[in-house]
Amino acid sequence: MIKVSLRAMNKLGRTDMPARDPLERAACFDEVNMGLTPEQATVEAMRCLQCKTPTCIDGCPVNIQIDQFIDRVAHGDIRGAGDIIRMDSLLPAICGRVCPQESQCEGTCVLDKKHRPIAIGHLERYVADTVRRYGLEPVAEPIEPSGKSVAIVGSGPAGLACAADLAKEGHYVRVFEALHQPGGVLIYGIPEFRLPKDIVAAEIDGLKELGVEFEMNAIIGRTITVEELFDEEGFDAVFVGVGAGLPRFLGVDGENLIGVYSANEFLTRVNLMGAYRKDTETPVLDLTGRRVVVFGGGNTAMDSARTPLRLGAEEVRVAYRRTEAEMPARDEEIEHAKEEGIIFDFLVSPVELLGNDEGWLTGVRFQRMELGEPDDSGRRRPIPIEDDIFDLDADVVIVAIGNSPNPLLPATESRLEQTRWGTLAVNEATGRTTMPGVFAGGDIVTGGATVILAMGAGRVAAASINEYLETGVWETEPELEPA
Ligand code: FAD
Ligand code: SF4
């Protein structure tokens with residue numbers, strides 16, 4: 001450990017991530033956060049106290065050896081730092097950018113109490129980007145083919161992580177993806193200004209180099225069934241990582257008016273179909289000069305609000321039925337949204353979407369709310385304030401109130417038991433479903449969660465698939481855990 005006055009370092013405080021100017025970035029899709037410089041990363045790494053019992057590791061869902069990689073950064077050994085991170089995380093350039101660090105690793109950093117916590121996510125991103133920029137990845141050892149094959153359904157973080165670990169064991173791996181580009185939410189949901197597409201593409205290229213094949217436009221359950229993957233395609237095991245991409249709606253009058261989008265549809269049109277690029281015909285309504293209202297308080301709502309601003313909207317408001325304290329979005333996204341000029345309306349809930357005779361949206365009727373006792377989620381429950389109703393003009397609304405598990409694949413295979421929430425029932429420790437040879441993980445098991453949890457679940461399942469392929473043993477009555 002470098003001997004410098006840690007007290008003095010910590011008096012300096014946390015190194016802020018350099019970010020593009022709010023006015024500049026609200027008009028383009030360039031990445032907002034610009035990354036730490038080598039000097040900034042070293043200074044930040046030197047603030048780490050190198051605790052004997054590093055609580056930050058417990059805060060990380062995949063238990064990255066955070067103290068060790070930060071120590072390497074403090075010594076300027078970025079290759080070594082990258083090797084340490086890669087032992088536990090396959091997607092550090094992505095997780096360093098999108099993990100909700102404040103409730104995970106940084107939330108358990110001891111410096112969180114007195115000073116601001118170590119910028120673990122920013123350092124992780126710095127290491128991953130530097131390793132890639134200078135080609136510091138370890139040289140891959142030649143892999144002996146195992147003669148076994150695995151079908152991965154869905155190319156989100158769960159599927160990609162599972163595919164990577166299985167390919168490294170020498171198994172033939174083919175990823176089936178319903179959309180025309182791989183990456184799941186990383187590609188169709190999270191916008192370019194938060195997670196550049198070339199970072200996801202580089203991860204997928206790395207998998208292709210490992211021999212993983214990708215079959216796009218393949219909807220399992222429609223193009224081909226799970227059973228056929230075994231019987232006709234000859235796969236020895238199947239991993240299901242189809243995510244939670246079924247939008248939830250408000251269930252109020254006016255939801256079919258022109259100008260009403262689900263967040264999924266809106267973000268997919270912009271991200272996947274290229275409306276964020278200047279050289280593409282925009283397959284969304286022209287938002288120039290429009291007033292947009294987004295319903296919700298999570299990351300999806302923040303992405304749905306910040307995107308229209310970049311497409312020329314005059315005013316964007318986020319309407320949330322609780323207060324800022326209960327918002328599930330990452331702190332950084334809320335802060336960035338505010339800096340960019342997004343207006344937040346708290347303690348309001350839409351009760352009707354208003355339209356004209358031609359079927360176009362013209363406004364939203366809101367009910368004011370107040371907070372009552374905490375509900376099952378631990379957050380205080382919003383309660384309507386009687387007769388406190390008001391209207392707000394709007395040209396476009398985007399409904400970002402959450403997603404349900406993708407129902408198609410489970411609906412077409414009766415041997416896959418579902419929970420009452422529509423998620424797949426699995427043994428949490430192994431990812432085994434109720435159908436022999438079929439494993440599952442990610443949002444299809446947990447419901448909408450996080451990238452790092454999906455990635456971790458994909459890796460747990462890969463280890464279990466590997467064991468199954470070696471032993472051929474399938475527990476006849478797996479102990480199932482409701483997600
Ligand atoms: P997904 O990423 O959903 O991937 C599933 C894939 O399966 C998709 O590509 C889908 O097309 C495909 N598929 C579905 N059905 C079939 C089928 N029948 N056959 C073949 N393919 C199929 N998490 C964070 O940690 N930080 C964030 O900042 C963050 N922001 C988010 C922003 C948005 C807009 C959204 C929607 C989510 C966000 N999340 C964030 C959550 C995170 O992205 C998800 O938890 C994660 O992507 C789940 O990974 P997954 O692999 O389980 O599923
Ligand atoms: Fe923190 Fe996420 Fe990195 Fe874990 S993977 S150390 S939670 S940023």
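As a basis for the values below, the full set of heavy atoms in this structure was taken, side chains included, without hydrogen atoms, waters or symmetry mates.
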Heavy-atom pair of closest approach, residues Ala244 and Asn403: O-CB, 3.1 Å

Heavy-atom closest pair, residues Thr430 and Phe439: O-CD2, 3.7 Å

Side-chain heavy-atom pair Ser146, Leu469 within 4.5 angstrom cut-off: no

Over 12 non-hydrogen atoms of neighbours within 6.0 angstrom of CG in Asn217: yes

Within-4.5 Å side-chain heavy-atom neighbours: Arg365 and Asp253: no

Side chain Ser349, main chain Gln367, donor-acceptor under 3.5 Å: no

side-chain hydrogen bond (donor to acceptor under 3.5 Å, both in side chains) involving Arg290 - partner list, sequence neighbours excluded: none

Lys/Arg N to Asp/Glu carboxylate O, Glu169 vs Lys148, below 4.0 Å: no

Contact check, side chains of Val127 and Pro92, non-hydrogen atoms, under 4.5 Å: no

NZ/NE/NH1/NH2 to OD/OE distance under 4.0 Å, Glu340 and Arg310: yes

Approximate separation, where rounding is to 0.5 Å, of Arg432 CZ and Tyr468 OH: 8.0 Å

Salt bridge Glu141-Lys168, side-chain N to carboxylate O under 4.0 Å: no

Rounded distance (nearest 0.5 Å) linking atom CZ of Arg194 with atom CG of Asp303: 4.0 Å

Non-hydrogen side-chain atoms of Leu186 and Pro157 separated by less than 4.5 Å: yes

Polar side-chain atom of Gln65 near backbone of Asn63 as donor-acceptor pair, under 3.5 Å: yes

Test item: Thr433 side-chain N/O and Val438 main-chain N/O as donor-acceptor pair under 3.5 Å: yes

Considering all heavy atoms, the nearest Ala461-Phe239 contact: CB-CE1, 3.5 Å

Flag side-chain contact, heavy atom, 4.5 Å: Phe214 against Glu177: no

Lys197 backbone acceptor or donor facing Glu192 side chain under 3.5 Å: yes

Expected output: side-chain Glu106 to main-chain Glu102 donor-acceptor under 3.5 Å: no

Between CD on residue Glu215 and OG on residue Ser155, distance to nearest 0.5 Å: 12.5 Å

Side-chain heavy-atom pair Asp165, Leu90 within 4.5 angstrom cut-off: yes

Closest approach of Thr55 to Thr108 (non-hydrogen atoms, all atoms of both residues): OG1-O, 2.5 Å

Polar contact flag, side-chain donor to acceptor under 3.5 angstrom, His122-Asn33: no

Gln101 and Arg330 side chains, donor-acceptor separation under 3.5 Å: yes

For Gly456 against Val62, the heavy-atom pair lying closest together: CA-CG1, 3.9 Å

Inter-residue atom distance Met327.CE - Tyr320.OH, 0.5 Å rounding: 7.0 Å

Donor-acceptor contact present, side-chain Arg97 to main-chain Ala93, <3.5 Å: yes

Salt-bridge present (Glu326, Arg380; N to O < 4.0 Å): no

Pair Tyr172, Glu213: side-chain N/O donor-acceptor within cut-off below 3.5 Å: yes

NZ/NE/NH1/NH2 to OD/OE distance under 4.0 Å, Arg322 and Asp375: yes

CD on Glu233 to CZ on Phe176, rounded to 0.5 Å: 5.5 Å

Smallest separation among heavy atoms of Pro191 and Asn271, with atom names: CA-OD1, 3.4 Å

pair His336-Met302: side-chain heavy atoms closer than 4.5 Å: no

Close side-chain approach of Ser464 to Val460, heavy-atom, < 4.5 Å: no

Other residues, nucleotides, ligands: >12 heavy atoms within 6.0 Å of Arg321 CZ: no

Short side-chain to backbone donor-acceptor contact, Glu255 and Leu250, under 3.5 Å: yes

Spacing of CZ belonging to Phe295 relative to OG belonging to Ser262, to within rounding of 0.5 Å: 13.0 Å

